[in-house]
Visitor: 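Handing you a structure now.
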Amino acid sequence: MLDLRLIREEPDRVKAAIASTYTDAPIDAILAADERRRALLTEVEALKAQLNAGSKDVGKAKDPAEREQLILAMRELGDRIAALDEEVKAVDARLHDLMLHVPNMPLPHVPVAPDESGNVVISEHGAKRTFDFTPKPHWEIAEDLGIIDFERGVKVAGTRFYFLRGDGARLQRALITWMLDLHTRDHGYQEVYPPYLVHAQTLEGTGNLPKFAANLYRDIDEDKWLIPTAEVPVTNLYRDEILEEAELPIYHVAYTPCFRREQISAGRDVRGIKRGYQFDKVEMVKFVHPDKSAEEHQRLIGEASDVLRLLEVPYRVLQLSTGDLGFAAADKVDLETWAPGSQEWLEVSSCGRFEDFQARRANIRFRPTGGGKPRILHTLNGSGLALPRTMITIMENNQQADGTIRVPEILVP
RNA sequence: GGAGAGGUGGCCGAGUGGUUGAUGGCAGCUGUCUUGAAAACAGCCGGGUGAAAGCCUCGCGAGUUCGAAUCUCGCCCUCUCCGCCA
């Protein structure tokens with residue numbers, strides 16, 4: 001959520017920023033609602049002050065007649081206040097809802113473009129391997145080895161679900177453990193095990209609701225939603241809390257399954273495990289002082305890159321353009337790894353800077369050292385990494401002529 | 001899921017429907033004293049909004065009332081016991 005005051009004071013700047021993301025936001029409606037709301041508040045609050053003072057006088061009044069008189073006057077005042085309060089409530093609700101639909105503003109350095117065509121490759125790491133045989137896509141390698149069972153996954157759960165079997169399941173488990181250990185041991189993160197089901201307010205905090213309900217799975221009887229990423233529960237860990245400045249930065253890493261109702265056309269990305277309705281991910285989340293956002297972002301990108309570097313797979317770093325930022329990020333850098341069998345770059349990590357956008361929604365603040373008003377902190381998060389695509393890059397890059405897969409050195413016990 | 005108890009400021013804990021946004025204690029901050037600390041004493045000490053006055057906030061939401069932390073109803077959560085269960 002943006003700062004309402006910013007919208008009020010610099011609407012043109014906000015509009016320009018939103019326009020650069022090639023999306024719409026109801027800024028004018030917000031301005032109108034805000035103005036209406038403040039006018040109503042001025043009016044109703046003056047009446048309330050009158051009512052409060054008057055009611056105290058009733059308590060003090062000794063003469064019964066005078067008392068009756070006062071009560072009558074206050075009753076009328078109360079009715080007017082009740083009517084105005086109704087209006088305030090309605091405007092408030094509308095304003096809040098409008099605010100929840102405004103995306104974050106991109107930072108100035110983010111290249112402006114309507115979509116991923118404007119993304120910029122910042123760097124490439126690790127040479128693409130040359131093969132003396134034709135590298136196979138992972139779905140062929142994995143099926144031949146019996147480590148992924150696509151057919152039975154579909155039988156049990158439907159399209160885009162699969163079973164990992166034997167060494168396939170074991171490889172993923174090893175990767176998860178190793179990634180968690182890397183981030184906790186070398187990068188200073190504390191591991192958390194979060195709920196996989198959360199309520200709507202939690203999803204609102206990260207910006208997934210109200211706009212993206214269609215991408216989420218939910219319990220039909222209760223207000224319980226399956227998380228699309230660990231970012232959701234972990235960012236909300238400190239919701240409605242005031243932390244001490246000295247506690248910052250706080251780093252958390254979590255492994256969770258992620259559940260996404262992908263609204264994608266049938267036939268696209270259907271082969272293999274690149275895009276499923278359920279996938280595992282190790283996610284890093286940072287809570288930082290606003291002044292540290294930029295440097296923490298760079299560090300985050302480095303921490304995610306470490307995983308790819310240590311796995312010795314080729315990857316590149318992409319600066320996303322405004323049109324590809326998504327709803328909540330002010331800046332985002334993706335890591336893509338090269339899959340020689342599928343012949344494509346795979347996004348395995350997305351490192352986002354959210355500034356105070358999520359923290360304002362989730363009401364996460366810190367008290368400055370030495371006192372003063374609580375301030376909204378900044379959040380960042382990045383995958384470290386998404387498991388299926390990491391599995392793909394290992395399978396395809398480490399495949400051998402005999403059809404087996406060489407286990408990455410770092411994972412060998 | 002059933003029965004009972006309860007949800008008040010960072011924590012503990014008062015609070016007869018009317019100067020209660022809330023007594024008191026602990027913790028914390030500042031000052032005096034001290035070489036320093038402790039102790040003692042004094043002051044400060046929730047959050048939101050607003051330039052301020054003010055308004056809002058005692059789990060959340062409705063209701064009764066001139067006036068609700070206090071009364072009524074619904075919901076949520078915690079605890080104890082029972083049931084169920086990995």
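Residue numbering restarts at 1 for every chain, and letters A, B, ... go by the order of the sequence lines.
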Visitor: Could you tell me the separation between the CG atom of A/Leu41 and the P atom of B/C56, rounded to a whole number of Å?
Guide: 11 Å

Visitor: Between B/C60 atom C1' and A/Asp223 atom CG, what is the distance in whole Å?
Guide: 14 Å

Visitor: What integer number of Å spans the C1' atoms of B/G43 and B/C66?
Guide: 39 Å

Visitor: Rounding to an integer number of angstrom, what distance separates B/G25 and B/G18 when you compare their C1' atoms?
Guide: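 It works out to 28 Å between them.
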
Visitor: Between A/Arg5 and B/U49, is there a contact of a side-chain N or O with OP1 or OP2 at under 4.0 Å?
Guide: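 For B/U49, neither OP1 nor OP2 has a side-chain N or O of A/Arg5 closer than 4.0 Å.
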
Visitor: Starting at atom CG of A/Leu47, determine the distance to atom C1' of B/G54, rounded to an integer number of angstrom.
Guide: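 My rounded result for the distance is 12 Å.
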
Visitor: Indicate every side-chain donor-acceptor pair of residues 366-379 of chain A with a distance under 3.5 Å to a residue at least two apart or in another chain.
Guide:
{"unit_1": "A/Thr369", "atom_1": "OG1", "unit_2": "A/Glu245", "atom_2": "OE1", "d": "3.4"}
{"unit_1": "A/His378", "atom_1": "ND1", "unit_2": "A/Ser293", "atom_2": "OG", "d": "2.8"}
{"unit_1": "A/Thr379", "atom_1": "OG1", "unit_2": "A/Gln358", "atom_2": "OE1", "d": "2.9"}

Visitor: For the side chain of A/Arg365, starting at C-beta, report the closest nucleotide among B/G48, B/A62, B/C55.
Guide: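 Nucleotide nearest to A/Arg365's side chain: B/G48.
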
Visitor: Hey, which of these two, A/Val44 or A/Arg367, hits RNA chain B nearer its 5' end, going by closest nucleotide?
Guide: A/Arg367

Visitor: Rounded to whole angstrom, note down the C1' distance from B/G15 over to B/C71.
Guide: 15 Å

Visitor: Name the pairing partner of B/G17, where a pair is Watson-Crick or G-U wobble with both distances under 3.5 Å, or state none.
Guide: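 In the structure as shown, B/G17 has no Watson-Crick or wobble partner.
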
Visitor: If the plane angle is over 60° it's perpendicular, under 30° parallel, otherwise tilted; pick one for A/His187 and A/His183.
Guide: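 Plane angle between 30° and 60°, so tilted.
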
Visitor: Whole angstrom is fine here: how far is it from NZ in A/Lys48 over to C1' in B/G21?
Guide: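 Going from A/Lys48 (NZ) to B/G21 (C1'), I get 16 Å.
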
Visitor: How far does CH2 of A/Trp139 sit from CD1 of A/Ile392, to the nearest 0.5 angstrom?
Guide: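 Separation between the atoms: 8.0 Å.
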
Visitor: What is the distance, to the nearest angstrom, from the CD atom on A/Glu43 to the C1' atom on B/G54?
Guide: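 Going from A/Glu43 (CD) to B/G54 (C1'), I get 15 Å.
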
Visitor: Return the minimal non-hydrogen interatomic distance between A/Arg8 and A/Leu31, and the atom names on each side.
Guide: CA-CD2, 3.8 Å

Visitor: Paired with B/G4: which nucleotide, if any, by Watson-Crick or G-U wobble criteria at under 3.5 Å for both distances?
Guide: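 Base partner found: B/C79.
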
Visitor: Say we look at B/U57 and B/A68: how far apart would their C1' atoms be, to the nearest angstrom?
Guide: 14 Å

Visitor: Can you tell if the side chain of A/Gln319 reaches within under 4.5 Å of the side chain of A/Asp331, non-hydrogen atoms only?
Guide: yes

Visitor: Between A/Thr235 and A/Glu231, is there a side-chain donor-acceptor contact under 3.5 Å, judged purely by atom types and distance?
Guide: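 Absent: no donor and acceptor within the cut-off.
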
Visitor: Is the phosphate of B/C56, meaning OP1 or OP2, less than 4.0 Å from a side-chain N or O of A/Lys89?
Guide: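 For B/C56, OP1/OP2 do not have a side-chain N/O of A/Lys89 under 4.0 Å.
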
Visitor: When the P atoms of B/C26 and B/G17 are considered, how many whole Å apart are they?
Guide: 30 Å

Visitor: Ignoring backbone atoms, establish whether A/Asn363 has a side-chain N or O less than 4.0 Å from OP1 or OP2 of B/G47.
Guide: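 A/Asn363 to B/G47 OP1/OP2: no side-chain N or O under 4.0 Å.
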
Visitor: Locate the shortest heavy-atom distance separating A/Ala304 from A/Leu385; write the atom from each residue and the value.
Guide: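 Shortest heavy-atom separation between A/Ala304 and A/Leu385 comes out as O-CD2, 3.8 Å.
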
Visitor: For nucleotides 64-74 of chain B, read 5' to 3', which letter fits each nucleotide if B means a protein heavy atom sits under 4.0 Å from the base, S means only the sugar-phosphate is that close, and - means neither?
Guide: --BS-------

Visitor: Over how many whole Å does the gap from A/Glu241 atom CD to B/G47 atom C1' extend?
Guide: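 Distance, rounded to whole Å: 14 Å.
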
Visitor: State the pairing partner of B/A69; accept Watson-Crick or G-U wobble contacts with both distances under 3.5 Å, and report none otherwise.
Guide: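 Its partner: none found.
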
Visitor: For A/Asn52, answer base if it contacts any base atom (sugar-phosphate contacts may also be present), sugar-phosphate if it contacts only those atoms, and nothing otherwise; contact means non-hydrogen atoms under 4.0 Å.
Guide: sugar-phosphate

Visitor: Work out how far the C1' atom of B/A62 is from that of B/G1, and round it to whole angstrom.
Guide: 27 Å

Visitor: Mind telling me whether A/Tyr315 and A/His125 have parallel, tilted or perpendicular rings, with 30° and 60° as the class edges?
Guide: parallel

Visitor: Look at A/Glu344 together with A/Lys274 and state whether they make a salt bridge at an N to O cut-off of under 4.0 Å.
Guide: yes

Visitor: Starting from C1' on B/C55, measure out to CZ on A/Arg80 and report it in whole angstrom.
Guide: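 My rounded result for the distance is 16 Å.
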
Visitor: What is the pairing partner of B/C60, taking Watson-Crick or G-U wobble pairs with both distances under 3.5 Å in any strand?
Guide: B/G74

Visitor: With both distances under 3.5 Å as the test, what is the Watson-Crick or G-U wobble partner of B/A86?
Guide: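 Answer to the pairing question: none, since B/A86 forms no Watson-Crick or G-U pair.
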
Visitor: Could you work out the separation of B/A39 and B/G46 based on their P atoms and round it to a whole Å?
Guide: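 Taking atom P in both B/A39 and B/G46, they lie 23 Å apart.
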
Visitor: Atom CD of A/Glu86 to atom C1' of B/G61: distance rounded to whole Å?
Guide: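 Whole-Å distance recorded here is 13 Å.
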
Visitor: Just checking A/Arg37: base, sugar-phosphate only, or nothing, at a heavy-atom cut-off of under 4.0 Å?
Guide: nothing

Visitor: Given the P atoms of B/A27 and B/C81, what is the spacing between them in whole Å?
Guide: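 These two P atoms come out 33 Å apart once rounded.
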
